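Single-structure report; data block below.
Not measured: the values here are computed from a predicted model. Note on naming: letters A, B, ... go to the chains in the order of the sequence lines (proteins, then strands), and numbering restarts at 1 for each one.
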Number of protein chains: 2
Amino acid sequence: MSRMWRGNPLRNEGAAMKPTGNQILAEFFRCSANILNDSDALERILAGGIEACGLGLVSLNSHCYDPIGITSIAVISESHIAIHTYPEAHHASVDIFTCSRGNEKSQHLLHYLEEKLMPATTRVVEVSRGNPLEVSRTNWITDDNSATGFDVRYRVDRELFSGLSRYQDIKVIENQDFGRMLFLDNDLQIAERDAWLYNEAMVSPVRGKLDDLSSVAILGGGDGGVLYELLKLDPGSVSVIDIDEEVIRVARTYLESICHSAFEDERVNIVLADVFEYLDGSHQFDAMIYDLTMHPESFIVMDREDYLNQLFMKMKEDLKSQGVVSLQCASEYDQKTTALVEKLLNRHFSSVKMDKKLIPSYGSMWMFASCIKT
Amino acid sequence: MSRMWRGNPLRNEGAAMKPTGNQILAEFFRCSANILNDSDALERILAGGIEACGLGLVSLNSHCYDPIGITSIAVISESHIAIHTYPEAHHASVDIFTCSRGNEKSQHLLHYLEEKLMPATTRVVEVSRGNPLEVSRTNWITDDNSATGFDVRYRVDRELFSGLSRYQDIKVIENQDFGRMLFLDNDLQIAERDAWLYNEAMVSPVRGKLDDLSSVAILGGGDGGVLYELLKLDPGSVSVIDIDEEVIRVARTYLESICHSAFEDERVNIVLADVFEYLDGSHQFDAMIYDLTMHPESFIVMDREDYLNQLFMKMKEDLKSQGVVSLQCASEYDQKTTALVEKLLNRHFSSVKMDKKLIPSYGSMWMFASCIKT
């Protein structure tokens with residue numbers, strides 16, 4: 001529900017990992033293989049499976065319990081695998097934790113271990129690790145909302161798109177109540193039924209405030225909804241500064257009712273860049289609409305307050321005098337964020353206004369902010 | 001939860017053995033401790049925690065990922081502990097697996113690690129390992145909301161009461177955003193922070209509509225919130241007709257900020273009865289407030305439409321001419337229910353009005369209805 005983040009120049013996007021993972025918890029009942037108290041055999045199976053499934057073995061350790069039972073743990077480049085055996089019960093508990101998206105390799109390894117240990121029955125629970133921490137329930141998606149004491153979970157009536165871009169996991173689903181919904185890394189961005197409420201809230205601070213609207217910037221905004229609404233004000237030109245081309249492609253393909261043909265408008269300039277690098281003081285926009293997250297913590301090394309402070313400074317530098325800024329902020333229940341944003345905006349801008357609007361698909365009142373450069 | 005059954009479910013595979021364990025899966029968000037890329041510090045913390053909690057350290061292994069991130073795994077005499085860090089995201093995923101009954105030591109270790117790594121938020125799932133493999137407890141409660149395409153899930157910061165009455169499961173929890181919350185069979189009834197919005201919506205159709213308010217009935221309403229609000233109108237008498245005495249007792253004990261001392265008011269008559277039986281035409285109330293569910297499917301045998309139709313008829317029979325009825329209805333997204341209620345009310349009453357109000361803790365706009373007996 002916090003808005004899209006488009007990467008960040010302060011770290012190497014390609015190399016660092018987001019805290020998301022997949023964990024398979026399996027119980028192997030009545031294993032026929034007679035090796036549950038043989039640590040060498042268990043290690044061979046574990047190492048063999050890791051190789052067969054294309055995972056990377058880092059280290060392998062076993063411990064034999066007295067009088068019976070073994071724990072074998074493999075650290076792999078994708079996280080870890082643990083097997084605990086109860087030979088007297090012909091039972092093994094298996095954990096496969098991979099910090100990679102998708103569960104193909106984990107499932108492959110699970111089947112490999114089943115073939116070798118030959119359980120009569122296997123029971124499996126699959127857990128999404130990171131944010132959200134979610135015991136998999138098929139056909140539901142939980143919005144990433146760690147700052148509040150509640151979560152909203154949406155039924156996936158149809159999955160229209162699911163894929164990984166260079167920057168994030170992108171999903172478009174269809175839900176009974178909210179229509180098509182766009183999620184980036186499980187963070188709800190916008191929903192078909194109430195996109196107009198969000199877009200209107202974002203654009204309204206700009207409306208009627210400026211005689212000249214020759215150049216406006218949308219920071220983020222790859223779904224095109226704010227852009228579509230903004231074009232109604234007849235600006236001279238609009239720059240959409242979004243790092244992820246794939247989000248724009250997905251929006252054009254699956255979210256036409258949100259972006260319409262806004263991206264094809266000749267006044268629109270799509271800039272595939274990180275706003276933190278792009279805003280260098282040379283553009284001097286009349287207005288800026290901040291359609292990015294206020295929760296960059298999972299992507300940045302520096303402190304959030306420092307980061308937002310610097311970003312707001314850069315925004316100010318690249319804005320004309322009397323230029324208007326409109327920002328999405330956070331759930332009204334994420335009071336820490338709201339207070340922080342208000343404080344930082346007051347440091348750099350004037351006429352700071354905090355407003356709240358109900359965005360039904362977000363499940364709570366949403367805070368929006370606006371301010372002026374003086 | 002996706003639980004997959006493999007093998008023959010008719011065979012009792014668990015009869016001969018008791019491999020049982022407890023596993024805590026925790027996500028530490030936004031850790032303040034600046035040691036997530038320091039394997040020595042992590043190992044010290046892990047070893048210190050294992051000792052402090054009375055667990056037995058067998059071996060400790062760490063691996064530093066390139067360019068950043070650490071996996072530290074301890075084999076302990078009770079099974080294993082794994083920590084995966086994502087320093088750039090200030091995030092750690094923690095697994096505590098113990099092959100012993102009870103979870104005191106695991107919980108102790110979890111708190112120890114929280115103190116050292118200082119997460120802003122922790123999310124926990126607890127799993128029973130072995131037979132059964134079951135997600136045994138989470139500190140979340142999901143509101144029962146099967147009619148809509150979304151669910152709201154609340155973090156249980158503290159459980160104040162949990163018990164079974166003769167009729168239902170009753171829970172009072174405390175949540176960061178909504179304060180104390182009452183759930184009946186996991187169905188959210190009322191929350192401390194916004195009870196006043198709900199109670200006001202329920203009472204307002206009665207306000208100023210009647211010269212004489214000598215006798216009013218609240219159907220349901222065992223939490224006392226509507227009663228408290230209604231007493232402000234200075235009615236001659238109020239009958240609270242609720243089948244479950246235990247709900248009233250729990251409300252008086254744990255929800256005083258909602259019911260205040262309303263139940264002690266001398267104008268109040270508590271009737272422990274089923275409204276369907278109690279409303280026999282003999283009472284002739286001036287007004288009625290329907291604080292019952294519109295989803296009785298789980299406790300009635302008859303068709304919902306028949307049931308509500310008969311109940312509304314009984315209400316009409318026990319109301320004076322020109323008597324007012326106010327009803328809570330359903331989420332605005334539960335359009336089937338809203339349409340059904342509107343249709344049935346129009347069959348028996350006049351001046352039917354449907355209204356919607358935001359009740360933030362419900363996670364959506366809520367429909368309320370009012371009508372008059374002519």
Side-chain angles (χ1 to χ4, degrees), chain A residues 11-12 15-19 21 23 25 27 29-30 58-59 61 63 71 73 75 77 79-80 82 84 86 89 91 93 97 99 120-127 129-131 133 135-138 146 148-155 157 175-178 297-298 301 333 358 360 363-365, chain B residues 1-4 6-7 13-14 16-19 21 23 25 27 29-30 58-59 61 63 65 67-69 71 73 75 79-80 82 84 86 88-91 93 95 97 99 121 123 125 127 129-131 133 135 148-155 157 175-178 333 358 360 363-365:
Chain A
R11 68 170 195 100
N12 177 352
M17 270 193 291
K18 288 179 187 171
Q23 188 170 14
L25 314 178
E27 302 295 336
F29 295 90
R30 294 194 320 285
V58 170
S59 71
N61 277 280
H63 176 67
T71 286
I73 297 185
V75 174
S77 43
S79 284
H80 79 268
H84 298 290
Y86 307 76
H91 187 97
S93 293
F97 190 139
C99 291
T121 309
T122 305
R123 286 194 183 182
V124 177
V125 166
E126 204 169 339
V127 184
R129 295 301 299 260
N131 192 7
L133 172 63
V135 177
S136 301
R137 241 180 89 172
T138 47
S146 62
T148 59
F150 62 96
D151 277 347
V152 187
R153 186 171 62 171
Y154 307 87
R155 201 178 57 231
D157 296 325
N175 173 271
Q176 164 189 309
D177 301 320
F178 303 117
E297 297 96 316
S298 60
V301 181
Y333 293 102
L358 178 66
S364 74
M365 299 289 278
Chain B
M1 160 160 69
S2 96
R3 179 178 305 160
M4 294 170 239
R6 293 168 194 211
E13 79 286 337
M17 51 164 189
K18 289 286 172 216
Q23 187 171 14
L25 313 179
E27 301 294 336
F29 294 90
R30 301 193 303 282
V58 170
S59 70
N61 276 281
H63 175 68
Y65 292 94
I68 199 172
T71 287
I73 296 186
V75 175
S79 283
H80 79 269
H84 298 289
Y86 306 76
E88 75 285 19
H90 311 281
H91 187 98
S93 294
D95 262 59
F97 190 139
C99 291
T121 311
R123 293 202 171 178
V125 166
V127 184
R129 294 302 299 260
N131 187 13
L133 172 63
V135 175
T148 59
F150 62 96
D151 277 347
V152 187
R153 186 170 65 165
Y154 307 88
R155 200 178 59 231
D157 296 325
N175 173 271
Q176 163 190 309
D177 302 319
F178 303 117
Y333 293 102
L358 179 66
S364 74
M365 300 289 278

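Taken to the nearest 0.5 Å, the OG atom of A:Ser79 stands 5.0 Å off from the OH atom of B:Tyr65. In this structure, the separation between CD1 on A:Ile73 and OG on B:Ser59 is 7.0 Å, given to the nearest 0.5 Å.
Both the backbone and the side chain of B:Ser93 come within less than 4.5 Å of a heavy atom of chain A. The contact between A:Asn61 and chain B is made entirely by side chain atoms (from C-beta outward), counting heavy-atom distances below 4.5 Å. Residue contact with chain A, scored on non-hydrogen atoms closer than 4.5 Å, involves the side chain of B:Asn175 exclusively. At a 4.5 Å heavy-atom cutoff, the contact between A:Thr71 and chain B is made by side-chain atoms alone.
Using cut-offs of 30° and 60° on the angle between ring planes, the pair A:His84 and B:His80 is parallel. The aromatic rings of A:Tyr154 and B:Phe150 sit tilted, their planes meeting at an angle between 30° and 60°.
Listed here is the closest heavy atom pair of A:Gly130 and B:Phe29: O-CZ, 3.7 Å. For A:Arg155 against B:Thr148, the heavy-atom pair with the smallest separation is NH1-O, 3.6 Å.
A 4.5 Å side-chain heavy-atom check between B:Met365 and A:Leu358 finds at least one atom pair inside the cut-off. Side-chain contact between A:Gln23 and B:Val127 is absent, with no heavy atoms from C-beta onward closer than 4.5 Å.
Between the B:Asp151 side chain and the A:Arg153 main chain, no donor and acceptor come within less than 3.5 Å of each other.
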